[in-house]
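Each residue takes its place number in the sequence, starting with 1. Both ligands and their constituent atoms are indexed starting at 1 by order of listing.
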Amino acid sequence: MIRKPFIAGNWKMNMTAESGAKLIKELAPLVANANCDVALCVPAILIPAMTEAAKGTNIAIGAENVHWAESGAYTGEISCAQLKEYGVKYAIIGHSERRQYFGETDEGVNKRTLAALANGITPIVCVGETLAEREGGVTEKVLDKQLADGLKGVEDVAKVVIAYEPVWASGTGRTATDAQAQETIAYIRKKIGQLFCPKCAEKVIIQYGGSMNAGNCKGLMAQPDIDGGLIGGASLKLDFATIVNFDK
Ligand code: PGA
(Lines give C-alpha, C1' and ligand atoms only; values in the text may rest on other atoms or scores of the structure.)
Protein backbone atom coordinates (compact mmCIF):
# COMPACT_ATOMS: atom_id res chain seq x y z
CA MET A 1 0.00 0.00 0.00
CA ILE A 2 1.37 3.39 -0.87
CA ARG A 3 -0.53 5.33 1.78
CA LYS A 4 -0.16 4.39 5.44
CA PRO A 5 -3.45 4.94 7.28
CA PHE A 6 -3.46 7.78 9.79
CA ILE A 7 -5.89 8.04 12.69
CA ALA A 8 -5.77 11.33 14.60
CA GLY A 9 -7.81 12.51 17.54
CA ASN A 10 -8.98 16.09 17.94
CA TRP A 11 -9.65 16.82 21.58
CA LYS A 12 -11.03 20.30 20.78
CA MET A 13 -11.57 22.26 24.06
CA ASN A 14 -11.75 19.17 26.24
CA MET A 15 -9.65 17.38 28.86
CA THR A 16 -7.25 18.64 31.53
CA ALA A 17 -3.63 17.74 32.16
CA GLU A 18 -4.79 15.13 34.68
CA SER A 19 -7.60 13.50 32.70
CA GLY A 20 -5.63 13.72 29.44
CA ALA A 21 -2.54 12.01 30.86
CA LYS A 22 -4.74 9.29 32.38
CA LEU A 23 -6.41 8.64 29.03
CA ILE A 24 -3.07 8.49 27.20
CA LYS A 25 -1.71 6.01 29.74
CA GLU A 26 -4.78 3.81 29.22
CA LEU A 27 -4.74 4.13 25.44
CA ALA A 28 -1.01 3.48 24.99
CA PRO A 29 -1.02 -0.32 25.45
CA LEU A 30 -4.22 -0.66 23.42
CA VAL A 31 -2.78 1.08 20.36
CA ALA A 32 0.82 -0.14 20.69
CA ASN A 33 0.49 -2.64 17.82
CA ALA A 34 -1.38 -0.36 15.44
CA ASN A 35 -0.73 -0.70 11.73
CA CYS A 36 -1.44 2.99 11.22
CA ASP A 37 0.08 6.26 12.34
CA VAL A 38 -1.57 7.55 15.51
CA ALA A 39 -1.80 11.10 16.84
CA LEU A 40 -3.76 13.10 19.36
CA CYS A 41 -4.20 16.80 18.65
CA VAL A 42 -4.71 18.52 21.98
CA PRO A 43 -5.32 22.03 23.36
CA ALA A 44 -2.09 24.03 23.29
CA ILE A 45 -1.87 24.32 27.06
CA LEU A 46 -1.87 20.52 27.39
CA ILE A 47 0.93 19.93 24.87
CA PRO A 48 3.82 19.78 27.39
CA ALA A 49 2.01 17.40 29.75
CA MET A 50 0.61 15.19 26.94
CA THR A 51 4.02 15.01 25.26
CA GLU A 52 5.39 13.76 28.57
CA ALA A 53 2.52 11.26 28.98
CA ALA A 54 3.00 9.92 25.45
CA LYS A 55 6.77 9.51 25.72
CA GLY A 56 7.88 6.03 24.65
CA THR A 57 4.53 5.26 22.97
CA ASN A 58 3.49 5.33 19.31
CA ILE A 59 1.07 8.20 19.98
CA ALA A 60 2.30 11.46 18.45
CA ILE A 61 1.06 14.71 19.90
CA GLY A 62 -0.37 17.36 17.59
CA ALA A 63 -1.73 20.87 17.95
CA GLU A 64 -5.18 22.16 17.03
CA ASN A 65 -3.85 25.19 15.16
CA VAL A 66 -0.64 27.06 14.44
CA HIS A 67 0.14 30.65 13.44
CA TRP A 68 2.18 31.66 10.40
CA ALA A 69 4.41 34.30 11.96
CA GLU A 70 7.67 33.42 13.67
CA SER A 71 6.78 35.55 16.68
CA GLY A 72 5.17 38.87 17.46
CA ALA A 73 2.01 40.67 18.44
CA TYR A 74 -0.59 37.91 17.83
CA THR A 75 -2.32 37.55 21.17
CA GLY A 76 -3.69 34.06 21.73
CA GLU A 77 -1.80 32.42 18.88
CA ILE A 78 0.95 29.76 18.96
CA SER A 79 4.01 29.67 16.68
CA CYS A 80 5.69 26.75 14.94
CA ALA A 81 8.82 27.27 17.07
CA GLN A 82 6.73 26.98 20.23
CA LEU A 83 5.24 23.70 18.98
CA LYS A 84 8.57 22.33 17.82
CA GLU A 85 10.07 22.90 21.25
CA TYR A 86 7.83 20.03 22.41
CA GLY A 87 8.38 17.84 19.35
CA VAL A 88 4.88 18.45 17.98
CA LYS A 89 4.55 16.66 14.63
CA TYR A 90 1.10 17.69 13.42
CA ALA A 91 -1.16 20.72 13.47
CA ILE A 92 -4.81 20.81 12.50
CA ILE A 93 -5.42 23.82 10.26
CA GLY A 94 -8.70 25.36 9.13
CA HIS A 95 -11.01 23.19 11.20
CA SER A 96 -14.63 24.04 10.43
CA GLU A 97 -15.09 25.30 14.00
CA ARG A 98 -12.19 27.75 13.49
CA ARG A 99 -13.75 28.86 10.21
CA GLN A 100 -17.28 29.08 11.64
CA TYR A 101 -16.68 30.64 15.07
CA PHE A 102 -13.34 32.44 14.70
CA GLY A 103 -13.51 33.79 11.18
CA GLU A 104 -10.65 31.79 9.70
CA THR A 105 -10.37 32.15 5.96
CA ASP A 106 -8.78 30.12 3.18
CA GLU A 107 -6.05 32.78 3.00
CA GLY A 108 -5.24 32.28 6.68
CA VAL A 109 -5.37 28.52 6.24
CA ASN A 110 -2.88 28.89 3.41
CA LYS A 111 -0.44 30.98 5.49
CA ARG A 112 -0.66 28.57 8.42
CA THR A 113 -0.17 25.58 6.12
CA LEU A 114 2.92 27.05 4.44
CA ALA A 115 4.43 27.97 7.81
CA ALA A 116 3.84 24.49 9.21
CA LEU A 117 5.45 22.87 6.16
CA ALA A 118 8.43 25.21 6.33
CA ASN A 119 8.93 24.09 9.92
CA GLY A 120 8.58 20.37 9.36
CA ILE A 121 5.16 20.18 11.02
CA THR A 122 2.60 18.16 9.05
CA PRO A 123 -0.52 20.25 8.49
CA ILE A 124 -3.86 18.46 8.73
CA VAL A 125 -5.84 20.79 6.49
CA CYS A 126 -9.59 20.55 7.02
CA VAL A 127 -12.07 21.07 4.22
CA GLY A 128 -15.78 20.41 3.98
CA GLU A 129 -19.17 21.79 3.06
CA THR A 130 -22.10 22.89 5.22
CA LEU A 131 -25.50 21.23 5.01
CA ALA A 132 -26.90 24.17 3.01
CA GLU A 133 -24.02 23.87 0.56
CA ARG A 134 -24.53 20.12 0.13
CA GLU A 135 -28.26 20.53 -0.32
CA GLY A 136 -27.64 23.42 -2.71
CA GLY A 137 -25.47 21.17 -4.87
CA VAL A 138 -22.32 23.27 -4.47
CA THR A 139 -20.17 20.82 -2.49
CA GLU A 140 -17.60 20.46 -5.26
CA LYS A 141 -17.39 24.21 -5.82
CA VAL A 142 -16.80 24.79 -2.09
CA LEU A 143 -14.11 22.11 -1.94
CA ASP A 144 -12.45 23.47 -5.12
CA LYS A 145 -11.99 26.87 -3.49
CA GLN A 146 -10.88 25.52 -0.11
CA LEU A 147 -8.28 23.31 -1.81
CA ALA A 148 -7.04 25.80 -4.41
CA ASP A 149 -6.75 28.71 -1.98
CA GLY A 150 -5.72 26.71 1.07
CA LEU A 151 -2.94 24.81 -0.71
CA LYS A 152 -1.65 27.65 -2.91
CA GLY A 153 2.14 27.63 -3.15
CA VAL A 154 2.58 24.22 -1.52
CA GLU A 155 5.62 22.59 -3.10
CA ASP A 156 5.16 18.97 -2.07
CA VAL A 157 1.49 18.24 -1.53
CA ALA A 158 2.33 14.71 -0.32
CA LYS A 159 3.54 16.37 2.90
CA VAL A 160 0.02 17.66 3.60
CA VAL A 161 -2.73 15.60 5.24
CA ILE A 162 -6.26 16.56 4.19
CA ALA A 163 -9.22 15.98 6.49
CA TYR A 164 -12.57 15.96 4.74
CA GLU A 165 -15.04 16.98 7.41
CA PRO A 166 -18.55 17.73 6.20
CA VAL A 167 -19.66 20.45 8.62
CA TRP A 168 -23.05 18.78 9.02
CA ALA A 169 -21.38 15.62 10.33
CA SER A 170 -18.84 17.17 12.68
CA GLY A 171 -19.71 17.06 16.35
CA THR A 172 -23.35 16.34 15.45
CA GLY A 173 -23.53 12.57 15.73
CA ARG A 174 -24.53 12.50 12.06
CA THR A 175 -22.08 10.61 9.86
CA ALA A 176 -21.70 10.65 6.11
CA THR A 177 -22.48 7.24 4.66
CA ASP A 178 -19.50 5.19 3.51
CA ALA A 179 -20.46 5.91 -0.09
CA GLN A 180 -20.90 9.67 0.47
CA ALA A 181 -17.54 9.94 2.21
CA GLN A 182 -15.80 7.83 -0.45
CA GLU A 183 -17.34 9.77 -3.32
CA THR A 184 -16.37 13.15 -1.91
CA ILE A 185 -12.89 12.08 -0.90
CA ALA A 186 -12.29 10.60 -4.35
CA TYR A 187 -13.35 13.98 -5.74
CA ILE A 188 -10.87 15.75 -3.43
CA ARG A 189 -8.10 13.45 -4.63
CA LYS A 190 -9.02 14.15 -8.26
CA LYS A 191 -9.00 17.89 -7.59
CA ILE A 192 -5.58 17.70 -5.90
CA GLY A 193 -4.42 15.80 -8.97
CA GLN A 194 -5.56 18.69 -11.15
CA LEU A 195 -4.04 21.35 -8.89
CA PHE A 196 -0.73 19.50 -8.49
CA CYS A 197 -0.26 16.23 -10.36
CA PRO A 198 -2.26 12.97 -10.40
CA LYS A 199 0.75 11.00 -9.12
CA CYS A 200 1.21 13.42 -6.20
CA ALA A 201 -2.49 13.11 -5.34
CA GLU A 202 -2.09 9.35 -5.01
CA LYS A 203 0.38 9.96 -2.17
CA VAL A 204 -1.79 12.36 -0.15
CA ILE A 205 -3.35 10.98 3.02
CA ILE A 206 -7.00 12.02 3.10
CA GLN A 207 -8.88 11.46 6.33
CA TYR A 208 -12.61 11.44 6.91
CA GLY A 209 -13.86 13.35 9.93
CA GLY A 210 -17.36 13.75 11.32
CA SER A 211 -18.76 11.49 13.99
CA MET A 212 -16.44 8.61 13.11
CA ASN A 213 -16.73 6.11 15.94
CA ALA A 214 -15.97 2.56 17.03
CA GLY A 215 -19.08 1.31 15.22
CA ASN A 216 -18.75 2.95 11.82
CA CYS A 217 -14.95 3.14 11.42
CA LYS A 218 -14.52 -0.24 9.68
CA GLY A 219 -16.95 0.60 6.89
CA LEU A 220 -15.46 4.04 6.33
CA MET A 221 -11.88 2.78 6.43
CA ALA A 222 -12.71 0.04 3.91
CA GLN A 223 -13.32 2.70 1.24
CA PRO A 224 -10.45 2.89 -1.24
CA ASP A 225 -9.83 6.63 -0.97
CA ILE A 226 -10.32 7.01 2.80
CA ASP A 227 -6.90 6.81 4.43
CA GLY A 228 -7.76 7.65 7.98
CA GLY A 229 -9.92 9.57 10.37
CA LEU A 230 -9.94 12.81 12.33
CA ILE A 231 -11.82 11.84 15.43
CA GLY A 232 -13.45 14.34 17.79
CA GLY A 233 -15.84 12.96 20.41
CA ALA A 234 -14.63 9.35 20.20
CA SER A 235 -11.01 10.43 20.84
CA LEU A 236 -11.96 11.44 24.39
CA LYS A 237 -12.44 7.82 25.42
CA LEU A 238 -11.05 4.34 24.93
CA ASP A 239 -13.17 3.98 21.77
CA PHE A 240 -10.28 5.78 20.11
CA ALA A 241 -8.24 2.57 20.45
CA THR A 242 -10.96 0.58 18.68
CA ILE A 243 -10.81 3.03 15.77
CA VAL A 244 -7.01 2.87 15.65
CA ASN A 245 -7.35 -0.94 15.47
CA PHE A 246 -9.98 -0.75 12.71
CA ASP A 247 -8.16 -3.43 10.71
CA LYS A 248 -8.10 -6.07 13.47
P1 PGA B 1 -16.52 14.48 15.81
O2 PGA B 1 -15.47 15.65 15.46
O3 PGA B 1 -15.80 13.20 15.57
O4 PGA B 1 -16.89 14.71 17.24
O5 PGA B 1 -17.66 14.67 14.86
C6 PGA B 1 -14.62 15.54 14.38
C7 PGA B 1 -13.97 16.89 14.17
O8 PGA B 1 -14.68 17.91 14.16
O9 PGA B 1 -12.72 16.96 14.02
Side-chain angles (χ1 to χ4, degrees), residues 5-15 19-20 23 27 31 36-44 46-47 50 59-66 88-104 109 112-113 116 121-131 133-134 139 142-143 146-147 150 160-178 180-182 184-185 188 205-221 223 226-246:
F6 176 32
I7 303 288
N10 172 13
W11 280 2
K12 307 193 179 184
M13 198 174 72
N14 294 294
M15 308 302 268
S19 61
L23 179 60
L27 282 172
V31 302
C36 59
D37 287 327
V38 184
L40 285 170
C41 298
V42 308
L46 301 185
I47 286 173
M50 296 313 103
I59 303 173
I61 298 300
E64 297 179 10
N65 204 355
V66 66
V88 166
K89 279 182 70 178
Y90 302 97
I92 297 173
I93 294 176
H95 190 279
S96 63
E97 288 149 18
R98 299 293 320 165
R99 295 177 189 258
Q100 206 177 342
Y101 306 134
F102 304 99
E104 286 204 11
V109 168
R112 293 176 197 272
T113 300
I121 294 170
T122 300
I124 302 175
V125 177
C126 302
V127 297
E129 79 289 358
T130 63
L131 186 58
E133 288 162 345
R134 177 158 281 262
T139 298
V142 168
L143 294 171
Q146 290 174 339
L147 292 166
V160 175
V161 172
I162 302 287
Y164 167 59
E165 300 208 308
V167 180
W168 46 272
S170 177
T172 59
R174 214 179 134 175
T175 326
T177 63
D178 298 348
Q180 269 173 334
Q182 163 58 26
T184 315
I185 288 180
I188 290 171
I205 301 281
I206 309 181
Q207 299 174 320
Y208 168 78
S211 305
M212 201 196 248
N213 59 40
N216 60 24
C217 63
K218 270 195 196 325
L220 287 160
M221 290 302 294
Q223 304 303 314
I226 302 183
D227 306 318
L230 185 56
I231 321 296
S235 73
L236 301 171
K237 37 192 186 175
L238 294 180
D239 286 30
F240 185 67
T242 310
I243 302 174
V244 165
N245 294 310
F246 68 91

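Against a heavy-atom cut-off of under 4.0 Å, N10 is close to the following atoms of ligand 1: 9 (O). Near S170, meaning under 4.0 Å from one of its heavy atoms, ligand 1 places the atoms 2 (O), 5 (O), 6 (C), 7 (C), 8 (O). Of all atoms in ligand 1, listed by their number and element, those nearer than 4.0 Å to a heavy atom of A169 are 5 (O). Residue G233 has at least one heavy-atom neighbour below 4.0 Å for each of these atoms of ligand 1: 1 (P), 3 (O), 4 (O).
Using a 4.0 angstrom heavy-atom cutoff, G210 counts as in contact with ligand 1. At least one heavy atom of S211 lies less than 4.0 angstrom from ligand 1.
Distance from atom 2 (O) of ligand 1 to its nearest protein heavy atom, with residue and atom name: K12 NZ, 3.2 Å. Annotation: atom 9 (O) of ligand 1 to nearest protein heavy atom, E165 OE2, 2.8 Å. For atom 3 (O) of ligand 1, the closest non-hydrogen atom of the protein is G232 N, 2.8 Å.
Using a 4.5 Å cut-off on side-chain heavy atoms (C-beta onward), I7 and V38 make no contact. By the 4.5 Å heavy-atom criterion applied to side chains, R174 and P166 are not counted as neighbours. With contacts defined as side-chain heavy-atom distances shorter than 4.5 Å, the pair L23/L238 qualifies.
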Original post:
Please walk me through it: do W168 and E129 pass side chain to side chain contact (heavy atoms under 4.5 Å, CB included)?
Top reply: CA-CA 8 Å; W168 46 272; E129 79 289 358; 3.0 Å; yes

**OP:** Start with the C-alpha gap between T122 and F6, add the side-chain angles, then the distance that decides, and say whether side chain to side chain contact (heavy atoms under 4.5 Å, CB included) holds.
**Re:** CA-CA 12 Å; T122 300; F6 176 32; 5.7 Å; no

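Side-chain contact annotation: E165 with H95, donor-acceptor N/O pair under 3.5 Å present.
Counting non-hydrogen atoms of neighbouring residues, nucleotides and ligands closer than 6.0 angstrom, the NZ atom of K12 exceeds 12 such neighbours.
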